[in-house]
Amino acid sequence: MAVRPYVLLSAAVSVDGRLDDTARDRLVLSNQRDLDRVDGERAAADAILVGANTLRKDNSRLVVAHSPSRSRRIAGGKSEHPLKVTVTASAELDPGLAFWHCGGAKLVFTVDAAFTRARRALGAFADVVSAGPVLDWSLLLDELGRRGVERLLVEGGGSVHTQLLALDLVDELHLVIAPLLVGEVGAPAFLGAAPYPGGATARMKLLEARAIDDVVLLRYAPKIRV
């Protein structure tokens with residue numbers, strides 16, 4: 001059996017725990033130095049995963065921005081950009097999204113009921129795989145492992161973060177706290193309610209706390225709880 005990838009979950013949130021506000025344009029929570037750090041994490045990853053709702057909202061490109069990082073990937077025998085992965089239960093994703101038209105290979109995970117629709121709508125841009133009657137994250141990670149993905153960077157959104165943490169599938173969490181208060185009803189939260197492993201009193205191991213200009217990076221090992 002292929003080894004599952006190391007799962008790194010990355011998010012930037014406001015002080016009140018929001019990933020974004022309710023405006024049409026994406027709220028930039030981080031600063032340039034931290035965005036450069038995230039680009040380095042993308043360059044170190046074999047695949048980047050983002051949920052369909054985040055794609056629709058942000059129209060994310062999910063590519064390695066810095067040319068030297070891309071060159072180092074190529075010199076190391078890797079593709080210029082990591083594999084780009086999304087998950088969708090409905091297969092309702094606009095073929096015009098930037099995600100499909102830049103970077104390297106793409107992979108779509110969907111569910112059995114939407115597989116034919118997803119392949120018809122998105123098969124020209126991506127490999128399409130069903131992850132079961134409902135999205136099975138264990139199956140998804142197994143499939144990525146079979147495809148040679150050793151390090152998976154997960155960039156959102158809140159539903160994806162919630163599911164992976166609740167299933168205890170995250171090896172490392174990078175949480176950036178921005179000095180902003182969103183304060184809007186309906187603004188997307190970092191996490192939702194879920195039966196998280198160990199319950200409310202289980203404390204994750206802190207690996208690092210670091211100021212990056214006006215934001216703070218917290219690195220946790222979610223599988224190590226006390």
Side-chain angles (χ1 to χ4, degrees), residues 2-13 17-20 26 29-30 34-35 37-65 81-89 93 97 99 103-111 126-127 129 131 134-178 188-192 194 196-197 204-205 207-208 217-224:
V3 177
R4 288 181 181 176
Y6 184 90
V7 178
L8 169 59
L9 192 156
S10 175
V13 300
R18 302 296 173 172
L19 293 167
D20 202 349
R26 177 172 172 261
L29 290 159
S30 200
D34 187 61
L35 292 173
R37 179 194 62 81
V38 173
D39 193 66
E41 294 293 349
R42 288 183 177 182
D46 299 301
I48 308 170
L49 184 147
V50 67
N53 286 335
T54 300
L55 278 188
R56 296 185 191 103
K57 177 68 165 63
D58 296 348
N59 195 17
S60 312
R61 296 171 68 241
L62 293 186
V63 295
V64 178
H81 298 279
L83 172 69
K84 301 199 296 186
V85 184
T86 191
V87 293
T88 173
L93 283 169
L97 290 171
F99 179 87
K106 291 92 181 172
L107 177 61
V108 174
F109 283 98
T110 189
V111 294
D127 194 4
V129 175
V134 296
L135 187 69
D136 185 331
W137 284 100
S138 293
L139 187 154
L140 183 153
L141 293 176
D142 288 341
E143 178 62 23
L144 290 177
R146 282 192 290 271
R147 291 170 181 253
V149 175
E150 297 180 359
R151 187 176 179 89
L152 173 65
L153 176 63
V154 179
E155 294 197 22
S159 177
V160 170
H161 294 328
T162 298
Q163 291 175 59
L164 287 172
L165 283 166
L167 291 168
D168 207 21
L169 294 174
V170 177
D171 296 290
E172 189 172 338
L173 167 62
H174 289 188
L175 186 63
V176 166
I177 311 297
F190 167 49
L191 294 174
Y196 295 108
M204 296 183 294
K205 180 177 177 60
L207 302 175
E208 180 186 11
L217 167 65
L218 301 174
R219 292 177 54 235
Y220 289 101
K223 292 181 179 179
I224 304 176

S.K.: Where do Ala89 and Val111 come nearest, in terms of heavy atoms and distance?
M.R.: O-CG2, 3.6 Å

S.K.: Side chains of Lys223 and Val170: closer than 4.5 Å at any heavy-atom pair?
M.R.: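 In short, these two side chains do not touch, never coming nearer than 4.5 Å.
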
S.K.: Roughly how far, to the nearest 0.5 Å, is the CZ atom of Arg26 from the NZ atom of Lys57?
M.R.: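 Lys57 NZ to Arg26 CZ: 8.5 Å, rounded to 0.5 Å.
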
S.K.: Please report the C-alpha distance between Val87 and Trp137 in whole Å, then the side-chain angles of each, then the deciding distance to 0.1 Å, and finally whether the side-chain contact (heavy atoms from CB on, under 4.5 Å) criterion is met.
M.R.: CA-CA 10 Å; Val87 293; Trp137 284 100; 4.1 Å; yes

S.K.: So Glu155 and Leu153, side-chain contact (heavy atoms from CB on, under 4.5 Å) or not? Walk me through it.
M.R.: CA-CA 6 Å; Glu155 294 197 22; Leu153 176 63; 3.3 Å; yes

S.K.: Starting at CG of Leu55, measure out to CG of Leu62 and round the result to the nearest 0.5 Å.
M.R.: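 Rounded to the nearest 0.5 Å, the CG-CG separation comes to 6.5 Å.
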
S.K.: With rounding to the nearest 0.5 Å, note down the distance linking CZ in Arg151 to CD in Glu172.
M.R.: 6.0 Å

S.K.: Would you name the heavy atoms of Gly51 and Thr86 that are closest together and state the gap between them?
M.R.: C-OG1, 3.7 Å

S.K.: Check whether Thr88 reaches the backbone of Ala52 with its side chain - one donor and one acceptor, N or O, closer than 3.5 Å.
M.R.: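 No; judged by distance alone, with no hydrogens or angles, the pair does not exist.
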
S.K.: Is a side-chain N or O of Asp171 found less than 3.5 angstrom from the main chain of Val7, in a donor-acceptor match?
M.R.: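 It does hold such a pair.
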
S.K.: Please determine if Asp39 and Arg42 form a salt bridge, counting it only when a charged side-chain N lies under 4.0 Å from a carboxylate O.
M.R.: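 The answer is no: the pair does not qualify as a salt bridge.
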
S.K.: Please indicate whether Arg61 has more than 12 foreign heavy atoms, meaning atoms of other residues, nucleotides or ligands, lying under 6.0 Å from its CZ.
M.R.: no

S.K.: Of all heavy-atom pairs between Leu19 and Gly157, which one has the smallest distance, and what is that distance?
M.R.: CD1-C, 4.3 Å

S.K.: As a quick check of understanding, evaluate side-chain contact (heavy atoms from CB on, under 4.5 Å) for His174 and Leu8, giving each step before the final call.
M.R.: CA-CA 7 Å; His174 289 188; Leu8 169 59; 3.4 Å; yes

S.K.: Which distance, rounded to the nearest 0.5 Å, do you find between the CG of Leu152 and the CG of Leu140?
M.R.: 8.0 Å

S.K.: Looking at Phe99, I'd like to know if the NZ or CZ of Lys84 sits under 6.0 Å from its six-membered ring centre while staying within 45 degrees of the ring's axis.
M.R.: yes

S.K.: Which pair of heavy atoms, one from Leu29 and one from Ala178, lies closest together, and at what distance?
M.R.: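 In this case the closest contact between Leu29 and Ala178 is O-CB, 3.1 Å.
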
S.K.: Working to the nearest 0.5 Å, report the span between CZ of Arg4 and CG of Leu144.
M.R.: 10.5 Å

S.K.: Working to the nearest 0.5 angstrom, can you tell me the gap between Leu164 CG and Leu141 CG?
M.R.: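 The distance works out to 7.0 Å.
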
